[in-house]
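Below: one structure, written as structure tokens.
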Amino acid sequence: MAGRRARTGRGWDAAPPRAGADDTTPGPRPGADDTTPGPRPGADDTTPGPRRGRRGRSDPAAPTSAGESTPRDESEVAREICLRQLALRPRTRAELAGVLAKKGISAEVSAGVLDRYDEVGIIDDAAFARAWVSSRHNGRGLARRALANELRQRGVDGEVASEALDELDEETEAQTARALVDRKLRTARGEPDAVFRRLVGMLARKGYPPGVAIRAVKDALAAQSAEAAEFAEQIDADALADAEGERG
């Protein structure tokens, strides 16, 4: 029919789709078929390896020739031990020998070092004994019996100890005993008989013979007060000393 308008839309006369437009779902761009990032060339192993530029560095735990030390001479070690001990205080030969034995020094090396120290006077048991007697008697008021026991414990030979103890005569020993009692009486409390027993016991522990101790306490009590003097007059020092001697 003339003048009839052509039909449009999606009928039989609809315009055909444009080429390449039959699927509206966007596809991958060319060359982008896999979006998972792959390893960079040369990076197929991610385990860190040794860094370059550190050649020649050795393991610090491995022994090196510079760190190795040769064993020290046993005699040198023994001498150093002795000198350290003597720097603290004077020592007898027996004391030093005991220390060396505990440190693992052989008896042969120990004897050689100590013999040499004897020769040059670094150790001198006789001088040690004299100094010990003087110091302990004047400082602690110890009598010869207690001093002899201490010297024996330190390994001083009996004859050497006797020579040192001979310098402490009986008169000096009695004077020291009296001085000790006088000092204790200043603060002593109690009945005269109780004070007497305590002071005699104190002197006995310091090594004074019974006769020296009893006379020292009796004389000190007699000079303290009238009551103490009356008690002291009743004391038979000789009889008590004999009884104590038999008991000891």
Side-chain angles (χ1 to χ4, degrees), residues 85-86 88-99 101 114 118 121 123-224 228-229 231-248:
Q85 291 293 313
L86 292 169
L88 299 175
R89 68 166 177 84
R91 309 270 178 174
T92 65
R93 178 181 177 123
E95 286 180 313
L96 291 175
V99 173
L114 296 177
D118 272 332
I123 54 177
D124 185 342
D125 281 5
F128 175 93
R130 290 192 299 270
W132 187 271
V133 168
S134 176
S135 174
R136 300 286 283 175
H137 178 75
N138 295 324
R140 298 288 303 277
L142 299 184
R144 284 179 294 182
R145 186 171 61 184
L147 292 168
N149 184 52
E150 290 187 344
L151 291 175
R152 183 170 56 252
Q153 291 175 349
R154 281 153 183 79
V156 177
D157 179 75
E159 184 176 349
V160 173
S162 296
E163 292 178 359
L165 291 168
D166 286 343
E167 298 183 7
L168 180 60
D169 56 39
E170 293 181 359
E171 182 179 356
T172 302
E173 197 172 53
Q175 291 173 352
T176 304
R178 175 60 187 274
L180 288 170
V181 172
D182 287 341
R183 187 161 62 245
K184 290 292 185 180
L185 274 176
R186 295 169 190 164
T187 57
R189 298 291 182 270
E191 296 298 321
D193 60 336
V195 173
F196 174 80
R197 289 194 299 271
R198 288 202 305 270
L199 294 178
V200 169
M202 179 268 294
L203 291 178
R205 289 190 295 273
K206 290 182 177 292
Y208 289 90
V212 174
I214 291 170
R215 291 187 185 91
V217 178
K218 177 181 178 178
D219 294 345
L221 286 174
Q224 186 188 37
F231 170 80
E233 287 179 1
Q234 303 173 11
I235 297 174
D236 187 342
D238 293 333
L240 283 176
D242 291 340
E244 290 294 331
E246 292 176 1
R247 191 181 308 173

Nearest-0.5 Å distance that lies between atom NZ in Lys206 and atom CZ in Arg145: 13.5 Å
Short side-chain to backbone donor-acceptor contact, Ser134 and Arg130, under 3.5 Å: no
N/O donor-acceptor pair under 3.5 Å between Arg154 side chain and Thr92 backbone: no
4.5 Å side-chain heavy-atom contact, Leu86 and Leu96: yes
Distance-minimising heavy-atom pair for Gly141 and Thr176: CA-CG2, 4.0 Å
Ion pair Arg197/Asp193, N-O distance below 4.0 Å: yes
From CA spacing to verdict: side chain to side chain contact (heavy atoms under 4.5 Å, CB included), Leu147, Glu150: CA-CA 5 Å; Leu147 292 168; Glu150 290 187 344; 4.2 Å; yes
Non-hydrogen atoms of Leu151 and Ala129 that approach each other most closely: CD2-CA, 4.0 Å
Non-hydrogen atoms of Leu185 and Ala220 that approach each other most closely: CD1-CB, 3.6 Å
Nearest-0.5 Å distance that lies between atom NZ in Lys218 and atom CZ in Arg178: 12.5 Å
Residues, nucleotides or ligands: over 12 heavy atoms within 6.0 Å of Arg140 CZ: no
salt_bridge(Glu95, Arg89) N-O dist < 4.0 Å: yes
Flag, side chain of Arg136 to backbone of Trp132, donor-acceptor distance under 3.5 Å: no
Asp125 (side chain) donor-acceptor with Asp157 (main chain) under 3.5 angstrom: no
Leu142/His137 under side chain to side chain contact (heavy atoms under 4.5 Å, CB included): CA gap, chis, key distance, verdict: CA-CA 5 Å; Leu142 299 184; His137 178 75; 5.6 Å; no
Separation of Phe196 CZ from Ile235 CD1 (nearest 0.5 Å): 4.0 Å
Minimum-distance pair of heavy atoms, taken over all atoms of Val156 and Ala161: CG1-N, 3.9 Å
Least distance between heavy atoms, Gly155 atom then Ala94 atom: CA-CB, 3.7 Å
Smallest separation among heavy atoms of Pro192 and Leu221, with atom names: O-CD1, 4.3 Å
Sidechain-backbone polar pair: Glu173 side chain, Arg144 backbone, donor-acceptor under 3.5 Å: yes
Salt bridge (Lys or Arg N to Asp or Glu O under 4.0 Å) between Arg186 and Asp182, worked out: CA-CA 7 Å; Arg186 295 169 190 164; Asp182 287 341; over 6 Å; no
Val160 side chain reached by Phe128 side chain, heavy atoms, under 4.5 Å: no
